[in-house]
**Q** 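Before I ask anything, let me first share the structure, which is written out below as structure tokens.
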There are 2 protein chains.
Amino acid sequence: MKSDFFDDNSDILTGVAYKNIHIRKKIISYFADAGNATIAELCKETNLSVPKVTTLITELIAGGLVKDFGKVGSTGGRRPNIYGLAPDSGFFLGVDVKHNHINIGLIDLQKKLIKISKDVPYNLNNTAESFSELCELIRSFIKDTAIAKDKILGLGLNLSGRINYSTGYSYSFFHFNEDPLSKLLEKELNLKTYLENDSRAMAYGEFNCGVVKEEKNVLFLNLDYGLGMGAMINNELYYGKSGFAGEIGHMPLFSNETICQCGKKGCLETEASGRALIAMFKEKLLTGSSSSLKKEAHDDIQMQDIINAANNDDVLSIELIATIGEKLGRGIALLINIFNPELVILGGALASTGEHLHLPIKSAVNKFSLSLVNSDTQLKLSKLGEEAGVMGACLLVRKRLLEYSI
Amino acid sequence: MKSDFFDDNSDILTGVAYKNIHIRKKIISYFADAGNATIAELCKETNLSVPKVTTLITELIAGGLVKDFGKVGSTGGRRPNIYGLAPDSGFFLGVDVKHNHINIGLIDLQKKLIKISKDVPYNLNNTAESFSELCELIRSFIKDTAIAKDKILGLGLNLSGRINYSTGYSYSFFHFNEDPLSKLLEKELNLKTYLENDSRAMAYGEFNCGVVKEEKNVLFLNLDYGLGMGAMINNELYYGKSGFAGEIGHMPLFSNETICQCGKKGCLETEASGRALIAMFKEKLLTGSSSSLKKEAHDDIQMQDIINAANNDDVLSIELIATIGEKLGRGIALLINIFNPELVILGGALASTGEHLHLPIKSAVNKFSLSLVNSDTQLKLSKLGEEAGVMGACLLVRKRLLEYSI
DNA sequence: CAATCTTATTAAAAAAAATTAATAAATATC
DNA sequence: GATATTTATTAATTTTTTTTAATAAGATTG
């Protein structure tokens, strides 16, 4: 049963009824963020009395959204019951769209990953056919799950480029007609849909199930063909006015003649990105350098090939990645000076080279940022790796539906 | 009478008593931020009934912190009474410390500027004498006001450089011994004291009484001898981990050989700051350029002299300021790409050249930032000008004392 | 300018929530 | 292993708050 709690009628109500809705939302959101809890904990959290919370919880259980998970250990004394969101009363779909493949995943209300399909082949093009193909892949994933369609409450979809999540518009892909892309997807799949910028979704995944512990101001760097950033400021994703924040690829830190995708020269991306890595690698091969990675056609070399080679101790690949790390370090130093973050996370495909990238970045950051500011900031590798995007997409729909529509 | 409301005992209380304290805080904070309000407005804001709010307001009036300001206009129907903070029940002192002078001001609980002394001569040096002198100036300002000393509830003090506002440490000035500077000032002046970074305080002043209307994500640039930034993110000042956020002066955007104050080369500040302006001006005079500004000793030329010359149509000064604007524009473009803000404010001494600086910056920003992102952002000159710092200092103490100690 | 309509304030009644007390269940200690 | 202690749950009572109604004050309109 699609729970009543996802129909919002809080505008009509007044007084006590309104307050009750408000408290219910607070309890749900506590369950959503902090996990399961006892009545006593909820009393502290809500500043309400035990009887009041007990009645509310009883109502929520009757509604099906909350479940009694039975007794739990105690520090001495009667063991309390613990309550939390009923895991199978709702599921959330997340799709991470990359250039050559997609990752699809499904989580339940308790954030548990139920099913994931990684590296599903797919070519992202800005065409109607490519869009249909994407929808078809999602439909087929849904069909393969054992979950009833009406239990899937929403879809989160990550795209690279500029995304305005609040309007649902994508400006880089599938911007065919007047309607926002999220509306198109909703019509096509019959699922409430939220778009998100890929880097920001990865950041959110990492904030929630990754390397972030207590930190409240965190930068996540998505180091892929291009560069992206998701920032968590005061425990919230930062969007800026229209969701375009985090464009770090086009910082003009170099004086070269390479024309960037954005049309300008000297962008960080032109010297420190997956795209730059490929270019440098081909260049090196042409000028006689040797590598364990050999392909007949140079045009066929993919970023992933070089990453794999580096992870298999190919000297040329390792050297080039170190060069990129050194340059990225300059950009990261700049960001540290501006944000004074507690933590900077290195994520995205290039980060899967681990220490090969991490160490050069670290020493460049030490060299280029102000020492007092820099000593405040930790630098860590992503923990979720390839799965950060899917997890972020799933968790973001969940968050939004729980926040806005209880 | 120093009100009871400034003694915090909310930890001891439970249940209803605790809740009442909480609601009172909410009402006070509403008055503090949004200004005066009627009972009906407060009911909406707090989701409480009219009788409840009426009792609370009556209590607050009895306590002396709130005042009934009488009837106010209506849209038809009986005219409601309007309530707000009693302006003369508390005052806040703000000190803006510059290199060659200080500005001191005093506001009341209603944010009204009661007294201000601008351009009080003072030489900021990192010595114990300089510190004593500063204290003496503050004491003398207090003596000159008609306000009883015990009605002055706190002091806000702005310094340039790295300030950790939560610990009260200043790392660039007056860092003599183990104790944080804020503690030293408190002992010396017998006033609760908060330190703040100068750019951030100016930003806060501008956010509250300046050019900011509805915008929630705003960057304020302090363009002075050096460069600083204060960021408002989601309606709050952004500090970063230790309050060091906003170091924009050391973005490595240039490839020159000038050694910056920070010890590195190529910093934005080496080519686009008041310090750079003076250097360029002297250089130009040496190579034969003419200017209406003539001083016997070149060493005597101050930034303010060049600013004044520009405002009096001196061609050389205007040209140099345009050069600086063009370069600043590159840095601002970078910030726009990262923050996607709604508004960027140009403040600090250099901004008092108005359009001479504004226009070159604007065109550089258009040239260097991503167009979709850039078209989102307004660029405006500071409205408060020289007073931004004092206002910010006053308003920040007020905010802190109202928030944490009601 | 009187009648009607809005809105605010005050007072009385009804509902809701917090206390308090009582009971139950588990743990720690002697 | 029995008793005391700690903590949770449930029930009864008291307090608080909301709701409803009544009254007052001012604005609008014919």
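Proteins come first, then strands; the chains are lettered A, B, ... in the order of their sequence lines, and each starts at number 1.
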**Q** Taking atom P of D:dA24 as reference, at what distance in whole Å does atom CG of B:N81 sit?
**A**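 Taking CG of B:N81 and P of D:dA24, I get 17 Å after rounding.
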
**Q** Could you state the atom-to-atom distance from CZ of B:R79 to P of D:dG26 in whole Å?
**A**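 The answer, rounded to whole Å, is 7 Å.
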
**Q** Using side-chain hydrogen bond (donor to acceptor under 3.5 Å, both in side chains), reason through B:K241 and B:N164 one step at a time and then give a plain yes or no.
**A** CA-CA 9 Å; B:K241 186 183 178 193; B:N164 186 331; over 6 Å; no

**Q** Take the protein atom CD of B:E41 and the nucleotide atom P of C:dT9, then report the distance between them rounded to whole Å.
**A**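 Distance, rounded to whole Å: 11 Å.
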
**Q** Whole Å only: how far is the OH atom of B:Y18 from the C1' atom of C:dA17?
**A**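 In whole Å, C:dA17 C1' and B:Y18 OH are 18 Å from each other.
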
**Q** Quick check on side-chain hydrogen bond (donor to acceptor under 3.5 Å, both in side chains): which of B:Y165, B:Y239, B:Y204 does B:E196 satisfy it with?
**A**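 Single pass found, and it is B:Y239.
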
**Q** For C:dA17 and A:N20 - does any side-chain N or O of the residue sit under 4.0 Å from the phosphate oxygens OP1/OP2?
**A**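 Yes, because at least one side-chain N or O of A:N20 sits under 4.0 Å from OP1 or OP2 of C:dA17.
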
**Q** What is the separation between atom CG on A:N47 and atom P on C:dA18, rounded to the nearest whole Å?
**A**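 Value for this atom pair: 10 Å.
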
**Q** Could you check how far NZ of B:K44 sits from P of C:dT7, rounded to whole Å?
**A**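 Roughly 10 Å, once rounded to whole Å.
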
**Q** Ignoring backbone atoms, establish whether B:K19 has a side-chain N or O less than 4.0 Å from OP1 or OP2 of C:dA18.
**A**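 B:K19 to C:dA18 OP1/OP2: side-chain N or O found under 4.0 Å.
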
**Q** I'd like to know if the side chain of B:S382 pairs up with that of B:E206 as donor and acceptor (distance under 3.5 Å, no hydrogens or angles considered).
**A**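 There is such a pair between these side chains.
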
**Q** Strictly distance-based, threshold 3.5 Å: is any side-chain N or O of A:Q110 a donor or acceptor partner for the main-chain N or O of A:P87?
**A**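 A pair under 3.5 Å: no.
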
